[in-house]
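Okay, so here's the structure we're looking at.
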Amino acid sequence: MSVPSDWPSTEREALAEQQRLRPMVAADGPAPDRVAGTLVAGVDVAYDDERDVVAAAAVLLDYATLEVVEEATAVGQVAFPYLPGLLAFREVPAVVEALGRLSAEPALVVCDGYGVAHPRRLGLASHLGVLTGLPTIGVAKTPFTFTYRAPGAERGAWEPLVDAGEIVGRAVRTREGVKPVFVSVGHRIGLAEATEVTLALTPHYRLPETTRRADSLCRRALAEAVSAAG
DNA sequence: GCGACAG
DNA sequence: ATCTTGTCGC
């Protein structure tokens, strides 16, 4: 699995690519079975702006126990600047590389960011899903440009995430009394199912275990790569 | 025109 | 994303 050699290098090309991929998103499908042996992946990316280095991590967890089963990383050169709405072009190449280094395929990939909750309905998680064919969801830490009502204080409470009058995701309370996370469909899964998975992955902390493991791993990989480069 | 803006 | 110590609170 790898990224096309003609990866967009300009904003104009990126926007055109989003238009091309957008109709390929499947915004429904089942949640993975929560049984031993079902694998769920977490992916995340870290950067060294000084050297334009990017480090991605892909971590496989057993969905039933949330134990780490396998880890993979990929380090490379940053391929695109950060532009709101075009985050996928910056993060996806390294993420696809890391995912490809896993020896098993996950039933679902959890991304740090948005899926169809996006100005053109093709955020990071949906983009990655269409490219890999894997089911994906996005769990973001901030509301981006969307609006929502505060969910109830209890874990599991949620409210719709709205963009231009359209429901694009949910603000979900994963820990009592703590700021909610923002869940959206990436690819091949429904919104209720994405919410269910998010809650299953957050028995203790605000963010999914998948995201937490991938976050620490990509930071370690980046530090290692930068120090090795001297 | 200006501000806001996933990570 | 990243720069960054201690501190308040369960």
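By convention in this document, chain letters (A, B, ...) are assigned in the order of the sequence lines, proteins followed by strands, and residues within each chain are numbered from 1. In this text the structure is predicted, and so the values were computed from the model without any measurement.
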dist A/Arg212:CZ -> A/Tyr205:OH (nearest 0.5 Å) comes out at 5.0 Å
- Item | From A/Asp62 atom CG to A/Glu70 atom CD, the distance as rounded to the nearest 0.5 Å |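 If we round to the nearest 0.5 Å, A/Asp62:CG and A/Glu70:CD are 13.0 Å apart.
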Grab the [atom1]-[atom2] distance between [X] and [N] for me, whole Å please.
X        : N     : atom1 : atom2 : result
A/Arg90  : B/dC5 : CZ    : P     : 18 Å
A/Glu50  : C/dC3 : CD    : P     : 10 Å
A/Leu124 : B/dC5 : CG    : C1'   : 16 Å
A/His118 : B/dG7 : NE2   : C1'   : 12 Å
A/Asp215 : C/dA1 : CG    : C1'   : 10 Å
A/Asp163 : B/dA6 : CG    : C1'   : 13 Å
A/Asp48  : C/dC3 : CG    : C1'   : 13 Å
A/Glu176 : C/dG9 : CD    : C1'   : 15 Å

Task: Ring geometry between A/Phe89 and A/His127 (parallel below 30°, tilted from 30 to 60°, perpendicular above 60°) - done: perpendicular
- Message: With a cut-off of less than 4.0 Å, is there a side-chain N or O of A/Lys141 near OP1 or OP2 of B/dA6?
- Response: no
A/Thr142 side chain near B/dC5 phosphate (N/O to OP1/OP2, under 4.0 Å)
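Checking B/dC5 against A/Thr142, no side-chain N or O comes under 4.0 Å of OP1 or OP2.
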Name the nucleic acid region contacted by [X], choosing base, sugar-phosphate or nothing; use a 4.0 angstrom heavy-atom cut-off, strictly under.
X        : answer
A/Gly85  : base
A/Ala117 : nothing
A/Arg219 : sugar-phosphate
A/Tyr47  : sugar-phosphate
A/Leu161 : nothing

Please pick, from [options], the nucleotide with the shortest atom-to-atom distance to any side-chain atom of [X].
X        : options             : result
A/Leu87  : C/dA1, B/dA6, C/dT2 : B/dA6
A/Phe144 : C/dT2, B/dG7, B/dA6 : B/dA6
A/Thr145 : B/dA6, C/dT2, B/dC5 : B/dC5
A/Asp44  : B/dA6, B/dG7, C/dT2 : B/dG7

Exercise for the section: Using the ring of A/Tyr114 (Phe, Tyr or Trp, six-membered ring only), decide whether A/Arg121 places NZ or CZ under 6.0 Å from its centre and within 45 degrees of its axis. Expected result: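 The answer is no; the distance or angle limit is not met.
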Base of B/dA6 and ring of A/Phe182 stacked, centres under 5.5 Å, planes under 30°
no
- Query: Thinking salt bridges, do A/Arg220 and A/Glu224 make one under a 4.0 Å N-O criterion?
  - Reply: no
